[in-house]
Amino acid sequence: MELNKDPEVWRRLGRALREARERRGWSQEELATAAGVSKGAVQGAEAGRVPKTRMPQTLAPIARALGWPAGSVELVLGGGEPPGGWHDVRVEIADEDVAAVMTNAMVRSIDGATGAEIRQAARLAVEEMRRRGYLSDLIDAHKNESNQNA
């Protein structure tokens, strides 16, 4: 089986591992001890680093320590859900994605502005939302709204 090198897939896995650890109330050091791996291995797994040549040997013990059944890492890397599903995994959105959504909205509503001007306005808006802490609040509000509608 060929190793998936898609960075987004590895970031998804990292988020799922971090959320599973946090749900247990463990620090990275506690997970490392439980898994019998280094803290750096846990940090690398949670960071979603794409391996160069092969599946890191430390992933299986980390997943086992979190209570994941065998094959869960491969399932997530293949696009499947982590044990417990994604509903417990915090939504993260990159500044660039927020800026793209805002830019598209501005293009539809602003007449006469250049694309560069609109992109700059979107970047400034994202920076201001991050500075004020609103962006994470918007993400949490969306998550709560989704959970209430489910």
Peer 1: Counting only heavy atoms not in Q43 (residues, nucleotides, ligands), do more than 12 fall under 6.0 Å from its CD?
Peer 2: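 More than 12 heavy atoms, drawn from other residues, nucleotides or ligands, come within 6.0 Å of this atom.
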
Peer 1: For G48, is there any backbone N or O sitting under 3.5 Å from a side-chain donor or acceptor partner on R11?
Peer 2: no

Peer 1: Between K5 and P51 (side chain of the first, backbone of the second, donor and acceptor by atom type, cut-off under 3.5 Å), is there such a pair?
Peer 2: yes

Peer 1: Grab the two heavy atoms, one from I62 and one from A41, that are nearest each other, plus how far apart they are.
Peer 2: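 Closest heavy-atom pair between I62 and A41: CD1-O, 3.9 Å.
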
Peer 1: Is it true that E8 and R15 have a side-chain N and a carboxylate O under 4.0 angstrom from each other?
Peer 2: yes

Peer 1: Identify the heavy atoms of V73 and A63 that sit nearest to each other, and give their distance.
Peer 2: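 For V73 versus A63, the nearest heavy atoms are CG2-CB, 3.7 Å.
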
Peer 1: Write down the atom of M55, the atom of W10, and the distance for their closest heavy-atom approach.
Peer 2: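 Closest heavy-atom pair between M55 and W10: SD-CH2, 3.8 Å.
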
Peer 1: Hey, could you give me the CD/OG distance between Q28 and S38, rounded to the nearest 0.5 Å?
Peer 2: 10.5 Å

Peer 1: Heavy atoms, side chains only, cut-off 4.5 Å: are L31 and L17 in contact?
Peer 2: no

Peer 1: Is the number of heavy atoms from other residues, nucleotides or ligands under 6.0 Å of K52 NZ greater than 12?
Peer 2: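 Counting other residues, nucleotides and ligands, NZ of K52 stays at 12 neighbours or fewer.
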
Peer 1: Roughly how far, to the nearest 0.5 Å, is the CG atom of L13 from the CD atom of E46?
Peer 2: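 Output value for this atom pair is 10.0 Å.
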
Peer 1: Looking at every heavy atom in both L77 and V9, which two are closest together, and how far apart are they?
Peer 2: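 Of all heavy-atom pairs spanning L77 and V9, the closest is O-CG1, 3.1 Å.
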
Peer 1: Is there a donor-acceptor contact under 3.5 Å from the side chain of E19 to the main chain of A16?
Peer 2: no

Peer 1: Of all the heavy-atom pairs spanning L59 and A45, show the shortest one and how long it is.
Peer 2: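 Reported closest heavy-atom pair: CD2-CB, 3.7 Å.
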
Peer 1: Quick one: closest heavy-atom pair of L75 and E81, and the distance?
Peer 2: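 So the two residues come closest at CD2-O, 3.5 Å.
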
